[in-house]
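Presented below is the structure to which this report refers.
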Amino acid sequence: MIPFVDLKTQFKQIEPQIRASIDRVLEHGQFIMGPEVLELEQHLADFCNVKHAISCSSGADALLMTLMAKGLGHGDAVFTSPFTFFATVEAICLTGATPIFIDIEPSTYNINADKLADSIKKINDQGKLKPKAIMPVDIFGLPVDYDEINTIGKLYDLCVISDAAQSFGASYKNKPIGCLTDITTTSFFPAKPLGAYGDGGAIFTNDNELADILKSIRIHGQSGDNKYVNERLGLTGRLDTLQAAILIEKLKLLPGEIKRRNQIADQYSEALKDKVGLPYVKPERISAWAQYSILVPDPESLAQTLKENNIPTARYYPVPMHLQTAIKQFGYKSGDFPVCEDTADKIISLPIHPYLTDEQIDQIINVIRNTYN
Ligand SMILES: *Cc1c(COP(=O)(O)O)cnc(C)c1O
């Protein structure tokens, strides 16, 4: 079987460096907030061209900590995509705020920025909820329409929090993810474009005050001066030193890996354009290609055919967020977001990790071309 994500081959490229950095941590023994954590944060901030990179325990906690820092709660509305991983919506709901979904574009699978202003106006007119934040998601690694979304955020005085869990390493108009809006969060879950060997995440911002609040929240709301004075409620939200040490080494591979992912995406798109619905990348964007996802009429049977040929696939995401049982209290129903629902019925993701060989890519392409002959 071709691996869907190939962490082993990646490890073999940098095995001595990874082992040495783990050893250094074992020797100094500062497993919590050790020197590697601060070192990684400096590298991440430089990489993203942003003032503050605050590492944390996961991509989900990065979102939750950000919403906590912004004081979100009951009666607040957060505008987001119905086509995402559940953690985006979960973070909103855990604060007590209400997720308001905006349908996606059929070709990029990202939130449709043209529909955002109308939705904000509608919530304002209804007068029940107070619009507070926009939380776009760079789904599958593709940057959203940052300029348009930032403009709407300014117009309505809403904070823009980008869920870039899948797009670390991507860019928009030659600027890296992380510096493109008020606050950006990402995930270092092992299968993401920059993955640790366990859970991890980070938050990026140029806002000094927000950075201080986030650093407090990640350690139980502790005050800057005194460990046992707690100024606010927080979490056990830290990144382990071991994961930081591993990420310092893996970050060095990322630019080359993103390049390779883009080559593979181009090969897929060129070979499959007359056969299946392709993921569309608008001009001036470079995707991190966390996933390469196509639209077909029968994704389950394509998955079966590929599996018989030792090619793994995944279905991201078969159930839209507005139809999740966990948030049924908001009363969303089938038909509310037709583009998202249609996409969920047709989408299937192909292997796109940077260690795929050209032979493997040709094999995958051939099976799909033969299926839709
Ligand atoms: C993976 C992911 C998250 C959550 O990240 P974790 O590190 O697994 O908590 C949040 N949002 C999106 C879009 C994701 O893909």
Side-chain angles (χ1 to χ4, degrees), residues 4-5 7 40 44 53-68 78-95 99 101-102 104 108-111 133-144 146 149 160-170 177-178 180-181 183-204 214 217-218 235-240 243-244 246-247 250 261 279 287-293 314-322 324 326-327 340 343-344 347 349 352-353:
F4 192 72
V5 176
L7 297 177
L40 173 69
L44 292 172
I54 296 116
S55 63
C56 66
S57 38
S58 71
D61 287 346
L63 289 166
L64 180 60
M65 286 165 56
T66 299
L67 294 172
M68 288 167 75
V78 181
F79 300 83
T80 192
S81 171
F83 192 67
T84 180
F85 177 61
F86 186 60
T88 317
V89 180
E90 190 178 33
I92 297 168
C93 298
L94 281 171
T95 68
F101 297 109
I102 314 290
I104 60 169
T108 65
Y109 320 133
N110 272 337
I111 193 171
I134 307 169
M135 203 191 266
V137 182
D138 294 336
I139 202 73
F140 303 144
L142 179 68
V144 292
Y146 278 96
I149 292 170
V160 179
I161 302 163
S162 166
D163 181 349
Q166 301 183 8
S167 61
F168 192 79
I177 289 298
L180 296 165
T181 194
I183 311 170
T184 303
T185 68
T186 197
S187 164
F188 303 131
F189 183 82
K192 307 281 169 155
L194 177 60
Y197 290 154
D199 283 307
I203 305 161
F204 307 96
L214 287 167
I217 287 178
R218 85 171 155 190
L235 300 171
T236 308
R238 299 167 294 235
L239 179 72
D240 290 344
Q243 299 304 340
I246 289 157
L247 285 165
K250 295 238 279 180
R261 285 177 191 262
S287 177
W289 292 111
Q291 304 297 340
Y292 184 92
S293 306
R315 298 283 325 276
Y316 304 118
Y317 294 93
V319 183
M321 292 306 108
H322 63 287
Q324 295 288 351
I327 62 155
C340 170
T343 301
I347 203 148
S349 304
I352 191 163
H353 65 75

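Indexing begins at 1, ligand by ligand and atom by atom, following the structure's order. When a residue number appears, it is its place in the shown sequence, counting from 1.
- Atom numbering of ligand 1 starts at 1 in the shown order; those under 4.0 Å from a heavy atom of Val137 are 13 (C).
- Across Pro143 and Ser287, no two heavy atoms sit closer than the pair CD-CA, 4.2 Å.
- Each of the atoms 13 (C) of ligand 1 lies under 4.0 Å from some heavy atom of Thr84.
- Side-chain atoms of Asp138 and Tyr146 include a donor-acceptor pair closer than 3.5 Å.
- Each of the atoms 2 (C), 3 (C), 10 (C), 11 (N), 12 (C), 14 (C), 15 (O) of ligand 1 lies under 4.0 Å from some heavy atom of Ala165.
- Taking all atoms of both residues into account, the shortest heavy-atom contact from Ser81 to Val137 is CB-CG2, 4.4 Å.
- Residue contacts with ligand 1: Asp61 is placed with no nitrogen or oxygen under 3.5 Å of a nitrogen or oxygen of the ligand (distance criterion only).
- In terms of modelled atom types and a separation under 3.5 Å, the side chain of Asp61 and the main chain of Cys56 share no donor-acceptor contact.
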**OP:** Report the C-alpha separation of Phe86 and Gln324 in whole Å, then their side-chain angles, then the decisive distance to 0.1 Å, and conclude whether the side chain to side chain contact (heavy atoms under 4.5 Å, CB included) test is met.
**Re:** CA-CA 9 Å; Phe86 186 60; Gln324 295 288 351; 4.2 Å; yes
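- Ligand-side atoms of ligand 1 in range of Thr88: 11 (N), range being under 4.0 angstrom from any heavy atom.
- For Tyr317 and Tyr109, the ring centers sit 6.0 Å or farther from each other.
- The residue among Glu90, Gln166, Lys192 with a heavy atom at the shortest distance from atom 2 (C) of ligand 1 is Lys192.
- Close approach of ligand 1 to Ser187 (heavy-atom distance below 4.0 Å) involves ligand atoms 5 (O), 6 (P), 7 (O).
- Side chain of Lys250 to backbone of Gly195: a donor-acceptor contact under 3.5 angstrom is found.
- Note: no N/O pair closer than 3.5 Å links Ile139 and ligand 1 by distance alone.
- For Asp199, the closest heavy-atom approach to ligand 1 does not fall below 4.0 Å.
- Scanning all protein heavy atoms for the shortest distance to atom 11 (N) of ligand 1 gives Asp163 OD2, 2.7 Å.
- Looking at atom 9 (O) of ligand 1, its nearest protein heavy atom turns out to be Ala60 N, 2.8 Å.
- Using a 4.0 Å cut-off between heavy atoms, Ser58 contacts ligand 1 through both its backbone and its side chain.
- A distance-only check finds a donor-acceptor pair linking the side chain of Thr80 to the backbone of Met135 [under 3.5 Å].
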